[in-house]
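Worth knowing before you read on, the calculation uses all heavy atoms, side chains too, and leaves out hydrogens, waters and symmetry mates. Remember, it's a predicted structure, so these values are computed and weren't measured experimentally.
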Amino acid sequence: MASKERNAEYKPLLYTTTVRNPERIKYNLFVLKKFENQILTDSIATAVVAELIKYGLYRPMKVSANVKTIWKQTSSGEFAVSLLDDKAVSKIIEENPQKHKEAGFDWGYPSRFATIFDLAKEFGFVYFKTGKKIEFSELGNILVDIVDVEIGGNNEISLNLKNPEREQSVFLQSLARSQRANPFVKVLNDNIPLLLLLQTIRLINADYACGNGVGISRKEIPLLLFWKDSDAASLYIRIKELREKYGYTPSDEVIIDICINEIMQGKYKKFDPHSILNDYVDEFIRKMRMSGLISLRGAGRFIDINHNEDNKVEYILNNYSDYERFDDEHRYFEYMSKIDKNLIAQKAEVISDEKTNDLLSEWLKTYDWASIKNELHILATRKTSKDDVLKFLAAPVRLEFLTALAIKSKLPTVIVKPNYSCDDTGLPTSTAGGNKGDIECFENGNGILVEVTMAEGRTQTMMEVWPIERHLAAFIEENKISSQCIFIAPSIYSDSKRQIDFVKFSNKLTIRDYAIDDWTDYLEKEKTLYIEESAS
């Protein structure tokens with residue numbers, strides 16, 4: 001039975017506490033797509049969550065040792081290595097009752113369904129309501145189409161991402177429209193957070209007396225999260241006053257006092273200082289970076305505009321600053337789900353190969369070899385980075401970036417050309433597209449194609465080695481030089497090794513495979529990236 005709706009009130013911005021990494025929304029939508037056009041009931045909502053459990057995308061705490069073994073091989077929020085059978089899923093649901101309630105949904109798993117998918121609904125990817133059909137938008141379908149999943153004979157899950165660069169375009173369009181005072185969340189704050197951020201940064205950067213032209217400080221972001229309206233000029237003036245009095249290091253108490261007693265005028269009482277100053281800020285930055293318009297500067301201490309995307313910034317500010325307010329949920333969903341072809345058509349500045357190398361060298365001033373090696377080991381062991389910049393990069397993107405840095409650090413004469421999209425600092429905004437290898441390297445007239453993956457097990461074999469063979473053949477054809485491939489993953493699956501040996505025997509193509517920790521050991525010992533065949 002639905003609960004009585006709460007009155008709208010002013011709140012600090014928190015998009016979600018459930019799907020912290022927005023890159024994982026597409027995985028959940030892949031599962032929900034199976035239920036498209038079905039009338040949403042409590043039983044259907046529970047069935048959707050059961051399917052998420054089956055794929056390992058939602059993982060309750062109380063499970064058998066066998067399930068724990070399956071799930072521990074991939075990170076929470078990602079696909080497991082294999083599907084659970086229906087009996088195992090039913091037992092998990094039975095043994096993990098959900099003490100959870102969302103407005104419009106029954107207690108338990110129906111409310112858990114709402115929590116998992118609420119942000120996807122708010123962003124215009126899918127619409128659902130009890131008693132109504134589950135409805136996907138064109139934007140939602142683009143995200144689903146990125147996810148290519150195959151199930152093997154022993155229920156192994158093989159994941160491939162097609163055209164991953166399209167994800168950023170989808171989130172850009174959603175964030176350019178996403179209103180605080182939308183009918184799904186019912187808060188009184190009235191602004192579009194991305195636009196408020198961009199406008200405030202522009203005003204700060206244009207005022208040389210206000211700072212050093214690198215945007216807004218992490219310490220200042222809570223003011224934006226609490227800000228009640230779209231008045232960027234007043235927010236900029238308040239930040240300027242804050243800097244004049246405290247510089248870039250105001251105390252937590254000063255920030256809390258401004259947010260609660262000044263902006264909220266003492267009317268907001270539910271306040272966890274640590275969450276607002278840290279968790280809320282991190283969550284906000286993750287979402288804003290999904291637009292591709294935001295760069296991190298000063299080792300993550302500042303958030304600035306990515307000037308490679310100035311055309312898109314200009315277009316958004318000119319076309320979305322004046323916006324219609326909505327009271328009806330479905331009308332807002334329709335507004336959010338529209339595709340703006342003119343926005344997609346705005347082109348980013350192309351970074352030259354020389355500039356890319358220069359930017360990698362700049363990052364080496366931040367990350368020395370010990371830091372790079374440690375962060376790669378964190379990826380190898382699937383732990384969480386605590387670094388103020390790297391923690392905002394999804395693991396596959398981080399692996400590409402750190403691998404490029406590692407080569408540049410230990411072998412500075414090698415020309416390193418990553419194929420990932422990046423911002424104006426050289427920090428990647430998405431993984432390399434599907435038509436090229438991840439990183440192209442050139443050394444003493446030879447070519448080395450470097451391919452990296454976080455995949456393990458049969459997914460690694462099925463989705464990585466055959467594309468690598470095609471990429472290497474195309475790389476040789478394009479460059480007309482002797483070339484080989486280096487393949488790096490947290491661990492190398494036995495079937496992958498056999499397949500690599502087959503490629504070498506049948507097509508005379510050399511693929512050298514390394515587990516991540518073995519790869520860093522190689523770089524510490526060897527003086528060249530390319531290994532002559534006689535020496536391999």
- request: Go through the side-chain N and O atoms of Asp42 and Tyr109 and say whether any donor and acceptor fall under 3.5 Å apart.
  value: no
query: What is the distance from atom CG of Leu343 to atom CZ of Arg177, rounded to the nearest 0.5 Å?
result: 8.0 Å
message: Can you confirm if the aromatic rings of Phe136 and Phe333 lie within a centre distance of less than 6.0 Å?
response: no
message: Can a side-chain donor-acceptor contact be found between His307 and Asp310 if the only test is distance below 3.5 angstrom?
response: yes
- prompt: Would you say the side chains of Asp304 and Ser295 form a donor-acceptor pair under 3.5 Å?
  reply: no
Closest contact, heavy atoms only, Gln173 versus Ile339: OE1-CA, 3.2 Å
- prompt: If we ignore angles and hydrogens, is there a donor and acceptor under 3.5 Å between the side chains of Gln168 and Thr429?
  reply: yes
- request: Determine whether the side chains of Tyr530 and Ser482 contain a donor N or O and an acceptor N or O closer than 3.5 Å.
  value: yes
task: Test Asp424 against Arg297 for salt bridge (charged side-chain N to carboxylate O under 4.0 Å, His left out), laying out the working first.
output: CA-CA 10 Å; Asp424 57 2; Arg297 306 199 195 282; 2.7 Å; yes
- prompt: Do we see a donor-acceptor contact under 3.5 Å between the side chains of His471 and Glu451?
  reply: yes
message: Whether the Tyr15 and Arg286 side chains hold a donor-acceptor pair (N or O, under 3.5 Å, no angle test) is what I'd like checked.
response: no
- request: Without swapping roles, check the side chain of Asn308 against the backbone of Val350 for a donor-acceptor pair under 3.5 Å.
  value: no
query: Angle class for the Tyr514/Tyr522 ring planes (parallel below 30°, perpendicular above 60°, tilted otherwise)?
result: tilted
message: With a 6.0 Å cut-off on the ring centroids, do Phe117 and Phe113 count as close?
response: yes
- prompt: Salt-bridged, Lys132 to Glu135, with N to O below 4.0 Å?
  reply: no
query: Are Glu102 and Thr115 linked by a side-chain donor-acceptor pair shorter than 3.5 Å?
result: yes
- prompt: How long is the gap from CG on Asn306 to OG on Ser291, to the nearest 0.5 Å?
  reply: 8.5 Å
query: Is there a donor-acceptor pair closer than 3.5 Å between any side-chain N or O of Gln73 and the backbone N or O of Val81?
result: no
- prompt: Taking everything shown except Lys391 itself, do over 12 heavy atoms lie less than 6.0 Å from its NZ?
  reply: yes
